[in-house]
Amino acid sequence: MHQHDLNRVYFYSVEDLAGLHQLSKGEKILRTEIKSNYTDINEVIELYSIKKYLDNEIYLKSWTQEEIEEFKQKAKKYGQKVGNYFANINDKNVIKIYEQTLFDYIQSFWEIVCNHSLYKQISKSKFSKILEIDHHLIHEILTHKVLVTHYNIEIKNFLLDYPGSAEILLSVYETEVELKRNQKYIPKSLTISDKESIISKYLDSVDTNLNYIGLIENARNRNDFRISDKTRLKAKRLRKSETEKFFADKGGMSFGVSVGFSENVDKIKDVHIDENLVTHYAYSSEFIKKNNHPYQLYQNFKLLFEFIDNQNRINLVSKKSQLGLFEKIMGVHSKNEYKIGTGFSLSEMTSRGQIYGYNKIITELNTSLENILHFVYTEVFQELYGFADNARFATPKPTNTFFEKVRLFAPEFESILKQFKLYVEDGEIDFELLQISSSPTTIKSIPSLVQNKYVYFNNDNKEMVGCSNLFFSDQTLLAYVEPFKEDKYHTFFDLLVNAKVNFSNYQEHQKLQLNYLIERNFIVIDDDGFIQVTNPARLFIFKDLYDNEFSSFYRYPIEFQREALQMQKENIVLFESSLFSKPEQSYFNFFLNKSEFTNGLDLRNRYLHGTQANPEEIEKHEYAYFTYLKLVVLTLLKIDDDLQISNTIQKQKEKAN
């Protein structure tokens, strides 16, 4: 059992905030004469840790330049002492020395072994013995490529029997880790068949983790890692049974959505949350029935249900800014999954309830949502924007089953996308040309009539990313300052918008962050010591992009458009053009296929390739149909937006000429 010693000096990383504290513990050693001989492994690794601080030019502020030079020379001698000690490690003493190594020095032990190629002095049988003694050491060993290569077969044999091997494989091939961790390497002798065998044995064991079971079900196949359909089915069934067992045993926090339509209500729409965390949406069916022109009924998806916002961005997408801290860091997440938090789940429940309920109200008007969408696409767009007069959109009959409706709607959705693509490219829809192409159209390939339609933050500009986080992240604590601590402002931006904040109220470590923003001309300190924003337009664009991940350039006022263009020149933002923005593309892909996300619902492929649920499973087909119906609504709203912007630009050009 490896011991702990809090009095020793440890090196964790260059970025670790405790580095100076650790180095201060080593100052006494630096001021002490170097021994001629070291016999304690931990004393040797402590010298190695101190040397790493000095090698990375980390010094105490109290040191003079002369002292720094003296300590750097001493650190070089530490390196020699470390090398001399480890050179004497061999098969006879390696196990004893390793067992004496402090827990927090294990990483450094193997790092030194690798750096000095000392693994050549440790036989493969002794290495296997060490793994037998300390099973959890495998997590450290796998971070060293040279060890994995040298002890290839030994590590493979260990992994075949180690209970945690499945989770290791999934962490390498599938999971996304927010915190920086060392990359793991898998021995090449471990075959694809071996890996699946490990996964299958894990599913049969009694010690499984529900999060990892979900990863197995949706894991993306690669050249060196593949999960068969049988194993996926086993994972799917196990996840279902374990989930039911978990909630039966422990319950959980409940939340929900209620959507209702009533004749006698005071407001056109109303929202409130009750004590059980159920959000209630109430809509006036009287208003809907009075304003029953097909285009007005279509517009309700924006005006009443808010499927899109004031920039005509789809409101239903999953946004990073809406994910809570615990939703980001808790559990195990696939790097290939669509991020789903509580906010997204509530949004989906709401939109589903809205379109279900609205469909019933529309039926009472002796029409259907399908007829309304057909009218908008084939008549309204032509009248308002001069869209192609031969646009087609076939709709199912009311007598069709949901299964039959989806089988018709799926290809019609594809057709709408292809029609608009041809219209953008050629100014017309040539159906003979459309029919020649049998390949499906990807969501991201649908172009826009408008150049530079969307604005995206340039995430490669790390300096500006840092500034954005200081303003809008709730983790910076710049909002936590007297006398506003009790006001519970979540971000620095919220504080500046709602209060007059004096620079002198901040502590010294906070002023470092404020000075960072001052140096980059985001804020200034006025004559009275208060913090002022230098460029409100720029800051609001920053906030828009932080909250929504993109913005619609032509939906900005002229002042904001000018500022966005200037930000492009400064390499802060990027412009791109397509019908759907990147977050919107991801939203569609989540429902339609698994090209982007392993947890996608894959509706397109299931219904086009005949792998959908049994026709008798009515509820599943009903869900699929209304999902497709919602996606068509959203597509027409985006086409509407594109046509409208294009027409406005054209009229402005004509007026200018």
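Every value quoted in this text rests on a predicted model; they were computed, and no experiment measured them.
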Any donor-acceptor pair under 3.5 Å from S200 side chain to S197 backbone
no

Interatomic distance, CG@L170 vs CG@N211, rounded to 0.5 Å, equals 11.0 Å

Look at the side chain of N93 and the backbone N and O of N88, then say whether any donor-acceptor pair between them is shorter than 3.5 Å.
yes

Near-ring test F127/Y98, centroid separation under 6.0 angstrom:
no

How about P583 and K319: do any of their side-chain heavy atoms sit closer than 4.5 Å?
no

Assess whether side chain to side chain contact (heavy atoms under 4.5 Å, CB included) is satisfied between R31 and E67, documenting all intermediate values.
CA-CA 10 Å; R31 296 187 184 280; E67 287 175 322; 3.1 Å; yes

Decide salt bridge (Lys or Arg N to Asp or Glu O under 4.0 Å) for K35 and E43; before the verdict, give the C-alpha distance in whole Å, the side-chain angles of both, and the deciding distance to 0.1 Å.
CA-CA 11 Å; K35 295 181 182 180; E43 195 172 6; 2.8 Å; yes

State, to 0.1 Å, how close R538 and I572 come at their nearest heavy-atom pair, and which atoms those are.
NH1-CD1, 3.6 Å

Taken to the nearest 0.5 Å, the spacing of K195 NZ from I227 CD1 works out to 10.5 Å

Aromatic ring proximity F158/Y151, centre distance under 6.0 Å
no

For the residue pair L495 and L478, establish whether any side-chain heavy-atom pair is separated by less than 4.5 Å.
no

Do the non-hydrogen side-chain atoms of I130 and I95 ever get within less than 4.5 Å of each other?
yes

Can you list every salt bridge (charged side-chain N to carboxylate O under 4.0 Å, His left out) pair that touches residues 161-171, not counting sequence neighbours?
none

Would a 4.5 Å heavy-atom cut-off, applied to side chains only, mark L496 and Y489 as touching?
no

Pair F471 + Y546: ring centers closer than 6.0 Å:
no

Could you check whether any side-chain N or O of N469 sits under 3.5 Å from a backbone N or O of S473, counting only pairs where one atom can act as donor and the other as acceptor?
no

Check: T491 side chain, F472 main-chain N or O, donor-acceptor pair, under 3.5 Å:
no

Does the side chain of Q73 pick up a donor-acceptor pair with the side chain of E69 at under 3.5 Å?
no

To the nearest 0.5 angstrom, please state how far the CD1 atom of I97 sits from the CG atom of N42.
11.0 Å

Rounded to the nearest 0.5 Å, what separation is found between the CD1 atom of I518 and the CZ atom of F503?
5.0 Å

Under 3.5 Å, which donor-acceptor pairs link side chains of residues 136-147 to any protein atom two or more places apart or in another chain?
{"unit_1": "H136", "atom_1": "ND1", "unit_2": "Y162", "atom_2": "OH", "d": "3.4"}
{"unit_1": "E140", "atom_1": "OE2", "unit_2": "H144", "atom_2": "NE2", "d": "2.7"}
{"unit_1": "T143", "atom_1": "OG1", "unit_2": "E140", "atom_2": "O", "d": "2.5"}

Looking only at atom types and distance, does a side-chain atom of E549 sit under 3.5 Å from a main-chain N or O of K320, one as donor and one as acceptor?
yes

Is the distance between the ring centroids of Y454 and F550 under 6.0 Å?
yes

Return the OG1 to OH distance between T598 and Y338, rounded to the nearest 0.5 Å.
13.5 Å

I need the minimum non-hydrogen distance between R226 and E196, along with the two atoms involved.
O-OE1, 3.7 Å

Flag the pair F542 / F493 as yes when their ring centroid distance falls below 6.0 Å, and as no otherwise.
no

Using a 6.0 Å cut-off, check whether atom NE2 of H490 has over 12 heavy atoms from anything other than its own residue.
no

If you count every heavy atom of other residues, nucleotides or ligands that lies below 6.0 Å from Y185 atom OH, does the total exceed 12?
yes

Would you call Y202 and N209 a side-chain contact if the rule is heavy atoms closer than 4.5 Å?
yes

Work out which heavy atom in I192 is nearest to a heavy atom in N223; give both atom names and the distance.
CD1-O, 3.1 Å

Within the distance-only criterion (no hydrogens, no angle test), does the side chain of K339 pair as donor or acceptor with the backbone N or O of E337 below 3.5 angstrom?
yes

Which word best sums up how the rings of Y10 and Y105 line up, parallel for under 30°, tilted for 30 to 60°, or perpendicular for over 60°?
tilted

Ring centers of F86, H116 separated by less than 6.0 Å:
no

Please name the pair of heavy atoms, one in K25 and one in L6, separated by the smallest distance, quoted to 0.1 Å.
NZ-O, 2.8 Å

Main chain of K582, side chain of Y456: is a donor-acceptor contact present, judged purely on distance under 3.5 Å?
yes

Applying side chain to side chain contact (heavy atoms under 4.5 Å, CB included) to M464 and F457, what does each step give before you reach the verdict?
CA-CA 9 Å; M464 290 298 105; F457 201 92; 3.8 Å; yes

Short side-chain donor-acceptor distance under 3.5 Å, T191 and S193:
no

Please determine, by modelled atom types, if N571 and N461 share a side-chain donor-acceptor pair under 3.5 angstrom.
no

Would you say CG of L512 has more than 12 non-hydrogen atoms from neighbouring residues, nucleotides or ligands within 6.0 angstrom?
yes

Is there a donor in the side chain of S49 and an acceptor in the side chain of Q22, or the other way round, less than 3.5 Å apart?
no

L190 and side-chain contact (heavy atoms from CB on, under 4.5 Å): which partner among N157, I155, L159?
L159

Under the side-chain hydrogen bond (donor to acceptor under 3.5 Å, both in side chains) rule, collect the residues that match up with D204, sequence neighbours excluded.
K234

Around atom NZ of K96, are there more than 12 heavy atoms of other residues, nucleotides or ligands at under 6.0 Å?
no

Search all heavy atoms of A479 against all heavy atoms of F492 and return the closest pair with its distance.
CB-N, 3.9 Å

Counting only heavy atoms not in F103, do more than 12 sit closer than 6.0 Å to its CZ atom?
no

Stepwise side chain to side chain contact (heavy atoms under 4.5 Å, CB included) check, L54 with Y78:
CA-CA 11 Å; L54 295 169; Y78 289 169; 5.7 Å; no

Have S504 and N502 got a donor and an acceptor in their side chains that come within less than 3.5 Å?
yes

So for atom NZ, which belongs to K511, do other residues, nucleotides or ligands contribute more than 12 heavy atoms lying within a distance under 6.0 Å?
yes

Close side-chain approach of N218 and K594, heavy atoms under 4.5 Å:
yes

Around F484, counting heavy atoms of other residues, nucleotides and ligands shown, do more than 12 lie under 6.0 Å from its CZ?
yes

Rounded to the nearest 0.5 Å, how far apart are CD of E46 and CZ of F11?
14.5 Å

Polar side-chain atom of N505 near backbone of E482 as donor-acceptor pair, under 3.5 Å
yes

Pair L565, F575 - check side chain to side chain contact (heavy atoms under 4.5 Å, CB included), show working.
CA-CA 9 Å; L565 291 171; F575 285 83; 4.1 Å; yes

Other residues, nucleotides, ligands: >12 heavy atoms within 6.0 Å of K236 NZ
no

Which heavy-atom pair separates S595 from N593 by the least distance, and what is that distance?
OG-OD1, 2.6 Å

Under 3.5 Å, is there a donor-acceptor pair between the side chain of K126 and the main chain of K92?
no

Please answer whether the main-chain N or O of E154 pairs with a side-chain N or O of S128 as donor and acceptor at a distance below 3.5 Å.
no

